[in-house]
Novice: 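Would you mind keeping the following structure in view while I ask a few things?
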Amino acid sequence: MKKLLTFLGVIFFMAGSTVWAQEVNSSATLSGTSSVEDITVKNDAEGGTQISLDTRFGYEHQSSGKRAGFGGDSFLLNIDGKIGKRFSYSLNHSLVSPAGENSTIFDATRWLTLSYELGNFTFTAGKDALMVGSFEYDAYELDCYYEMGSMFNYNMNCWLWGASAMWTNNAETSSFAFQVANSPFAFVPKDDNLFAYGLGWYGMWDNYESIWTVNMMEYEPGKFVKMLALGNMFYLGDFELMLDYIARTSDLSKGLGKDYTLTVQPAYNFGESLRLFGRFGIEKTDDDVPYDFLGEYLSVEDKVLANEENEYVMPAYIANGKEYIYYGAGLEYFPLKENKGIRIHAAWASNNYTKRHMINVGLTWKFDVVGAIRFLANEAK
């Protein structure tokens, strides 16, 4: 316990030192929770509800020669609004529901939260993303190109029921949050009695943003995965750099080097219309760690066999302590300069495990339901 308290103290001393060193910008806004882009209620002057349908369509080709074609990636319903002056709600639900005997409507719900604001404090309850420091992990689903991402981000069950409390400073440049939720290792949440705890720092200035967390996640009763996650975003003119580092361990005495993820993503914006970006990452998980985010706990031989039979660009598992190196590049084009609701993308990804390549070209759009209804109502007058 003393080692854990020392560990937490060092992290928050680092966070506080960074806050002190930054220039305060009172016009900055903060990302509230892990569902950052949608948890912030975007109401009009009358406090109306915002409703949108978001989807992405594209053509994908994988160099294995066995997978190619057109298809949709997601179809998501977003609803954000207010109840009175202090309560706000947010919903993100996939209209493509999972199938299976034990599936429920909530399995297709990414987040469903109710928040209460009291001065500098915000209290949130419901289903939300597990608070993990990482901009890759924090990105909205339709903004992710998973084949060029980490296995941790792709495989972790992040949408969990729980509650959180957040304090934001008056300048709105820093928020500190605490979250308790079902553990991602709890596959029957109401029965498994496993929980996850997180402390987080969210910072925002003109040239720097942060999502730093310290997490403890039960994989067995009383046994925790301790995780340090440092998400950093740097801005310099039209150039931006994402630098994420996540380290995990079940035993702090053995250090944080056996299970980690490092992701670097540089990007350059050509005005409001075109964005070019690259991605490079290194990830490692030793075979002797006592936890498995997929809950399958396969032997090394089974993991190797699954990788040999796998036809996708991403491997099925990281095995034999071999570092997983992933990389890619892409571009995003916004044809409407004052509206980011339509986006055209092209992305390429590969890795050192399968050595296959993925090319995806597609279109993302957000349909404003409330705006469409208002337009039709005005036309009918």
Side-chain angles (χ1 to χ4, degrees), residues 56-74 96 98 132 134-137 139 141-158 184 229 242-248 257-267 276-289 291-332 345-362 364:
R56 191 170 79 187
F57 159 83
Y59 170 80
E60 183 167 300
H61 174 80
Q62 298 192 16
S63 63
S64 62
K66 299 179 180 180
R67 300 184 59 83
F70 294 97
D73 292 318
S74 292
V96 182
V132 173
S134 164
F135 281 89
E136 178 195 31
Y137 175 90
E141 181 174 327
L142 295 184
D143 296 333
C144 296
Y145 307 101
Y146 287 106
E147 289 84 354
M148 68 171 66
S150 67
M151 295 287 284
F152 171 78
N153 182 55
Y154 185 76
N155 291 320
M156 185 179 179
N157 175 27
C158 71
M242 181 189 83
L243 177 60
D244 287 343
Y245 176 70
I246 302 175
R248 302 165 290 265
K258 286 191 172 184
D259 190 1
Y260 68 86
T261 304
L262 174 66
T263 306
V264 180
Q265 178 175 290
L276 301 180
F277 62 93
R279 173 74 66 87
F280 175 81
I282 302 176
E283 191 167 39
K284 183 179 178 181
T285 300
D286 279 1
D287 293 317
D288 61 351
V289 295
Y291 51 86
D292 182 349
F293 283 100
L294 288 176
E296 297 179 349
Y297 295 93
L298 299 179
S299 66
V300 176
E301 293 76 12
D302 288 338
K303 290 180 179 180
V304 172
L305 179 60
N307 281 340
E308 292 175 353
E309 296 176 347
N310 173 54
E311 297 179 353
Y312 294 86
V313 171
M314 293 185 73
Y317 301 95
I318 299 178
N320 290 329
K322 177 183 177 182
E323 287 186 329
Y324 172 56
I325 300 174
Y326 50 97
Y327 41 86
L331 63 85
E332 296 174 333
H345 73 265
W348 159 79
S350 187
N351 62 76
N352 69 326
Y353 259 63
T354 67
K355 297 181 174 60
R356 296 175 183 146
H357 301 273
M358 180 279 300
I359 297 175
N360 186 291
V361 180
T364 304

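Every value quoted in this text rests on a predicted model; they were computed, and no experiment measured them.
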Novice: Applying side chain to side chain contact (heavy atoms under 4.5 Å, CB included), can you list everything that pairs with Leu262, at least two apart in sequence or on another chain?
Specialist: Leu243, Tyr245

Novice: Under 3.5 Å, is there a donor-acceptor pair between the side chain of Lys355 and the main chain of Asn352?
Specialist: yes

Novice: CD/Glu332 to CG/Leu276 distance, rounded to the nearest 0.5 angstrom?
Specialist: 9.5 Å

Novice: Quick one: does any side-chain atom of Asp302 pair with a main-chain N or O of Ala306 as donor and acceptor, under 3.5 Å?
Specialist: no

Novice: Identify the two heavy atoms, one from Arg67 and one from Glu311, that lie closest to each other, and give their separation to 0.1 Å.
Specialist: CD-O, 3.9 Å

Novice: Can you name the salt bridge (Lys or Arg N to Asp or Glu O under 4.0 Å) partners of Arg356, sequence neighbours left out?
Specialist: none

Novice: Please confirm whether the backbone N or O of Leu294 pairs with a side-chain atom of Asn155, one donor and one acceptor, at under 3.5 Å?
Specialist: no

Novice: Can you check side-chain contact (heavy atoms from CB on, under 4.5 Å) on Ile246 and Phe152, steps first, answer last?
Specialist: CA-CA 9 Å; Ile246 302 175; Phe152 171 78; 3.8 Å; yes

Novice: So which heavy atom on Ser134 is nearest to which on Asp244, and how close?
Specialist: OG-OD2, 3.0 Å

Novice: Which residues pass the ring-ring contact (aromatic ring centres under 6.0 Å, His included) test with Tyr326, sequence neighbours left out?
Specialist: Tyr324

Novice: Parallel, tilted or perpendicular for Phe293 and Tyr291, by the 30°/60° rule?
Specialist: perpendicular

Novice: Of all residues at least two apart in sequence or in a different chain, which pass the side chain to side chain donor-acceptor pair (under 3.5 Å) check with Tyr260?
Specialist: Glu323

Novice: Partners of Lys303 by salt bridge (Lys or Arg N to Asp or Glu O under 4.0 Å), sequence neighbours excluded?
Specialist: none

Novice: Using 0.5 Å steps for rounding, measure from the CD atom of Gln62 to the CE atom of Met358.
Specialist: 7.5 Å

Novice: When rounded to the nearest 0.5 angstrom, what distance separates NZ in Lys284 from CD1 in Ile325?
Specialist: 11.5 Å

Novice: For Ala267, check side chain to side chain contact (heavy atoms under 4.5 Å, CB included) against everything at least two apart and list the hits.
Specialist: Glu240, Arg275, Phe277

Novice: Once side chain to side chain donor-acceptor pair (under 3.5 Å) is applied, do any residues pair with Thr261, and if so which ones, sequence neighbours excluded?
Specialist: Arg248, Glu283

Novice: Which atom pair, heavy atoms only, marks the closest approach of Leu142 to Ser74?
Specialist: CD2-CB, 3.5 Å

Novice: Suppose we screen for salt bridge (Lys or Arg N to Asp or Glu O under 4.0 Å). Which residues come up paired with Glu141, at least two apart in sequence or across chains?
Specialist: Arg110

Novice: Do Val313 and Asn351 have side chains that get closer than 4.5 Å, going by heavy atoms?
Specialist: yes

Novice: What residues, two or more places apart in sequence or in another chain, satisfy side chain to side chain contact (heavy atoms under 4.5 Å, CB included) together with Asp73?
Specialist: Arg56

Novice: Would Thr285 and Lys258 count as a side-chain contact (heavy atoms from CB on, under 4.5 Å) if you check the C-alpha gap in whole Å, the side-chain angles of each, and the deciding distance to 0.1 Å?
Specialist: CA-CA 6 Å; Thr285 300; Lys258 286 191 172 184; over 6 Å; no

Novice: So Tyr146 and Tyr154, would you call those rings parallel, tilted or perpendicular, with 30° and 60° as cut-offs?
Specialist: perpendicular

Novice: Scan side-chain atoms only and decide if Asn153 and Ser150 contain a donor-acceptor pair under the 3.5 Å cut-off.
Specialist: no

Novice: Does the side chain of Asn307 reach to within under 4.5 Å of the side chain of Tyr353, using non-hydrogen atoms?
Specialist: yes

Novice: In chain order, what residues pass the side chain to side chain contact (heavy atoms under 4.5 Å, CB included) check against Cys158, with sequence neighbours excluded?
Specialist: Tyr137

Novice: Mind listing the closest non-hydrogen atom pair of Gly149 and Met314 along with its distance?
Specialist: O-CE, 3.9 Å

Novice: Give me the atom names and distance for the closest heavy-atom approach of Glu136 to Met242.
Specialist: N-SD, 3.8 Å

Novice: Taking all non-hydrogen atoms of both residues, which atom of Cys144 and which atom of Ala139 are closest, and how far apart?
Specialist: SG-CB, 3.8 Å

Novice: Who are the ring-ring contact (aromatic ring centres under 6.0 Å, His included) partners of Phe280, not counting sequence neighbours?
Specialist: none

Novice: According to ring-ring contact (aromatic ring centres under 6.0 Å, His included), who are the partners of Tyr312, at least two apart in sequence or on a separate chain?
Specialist: none

Novice: If only atom types and distance count, is the side chain of Tyr145 paired as donor or acceptor with the main-chain N or O of Gly328 below 3.5 Å?
Specialist: no

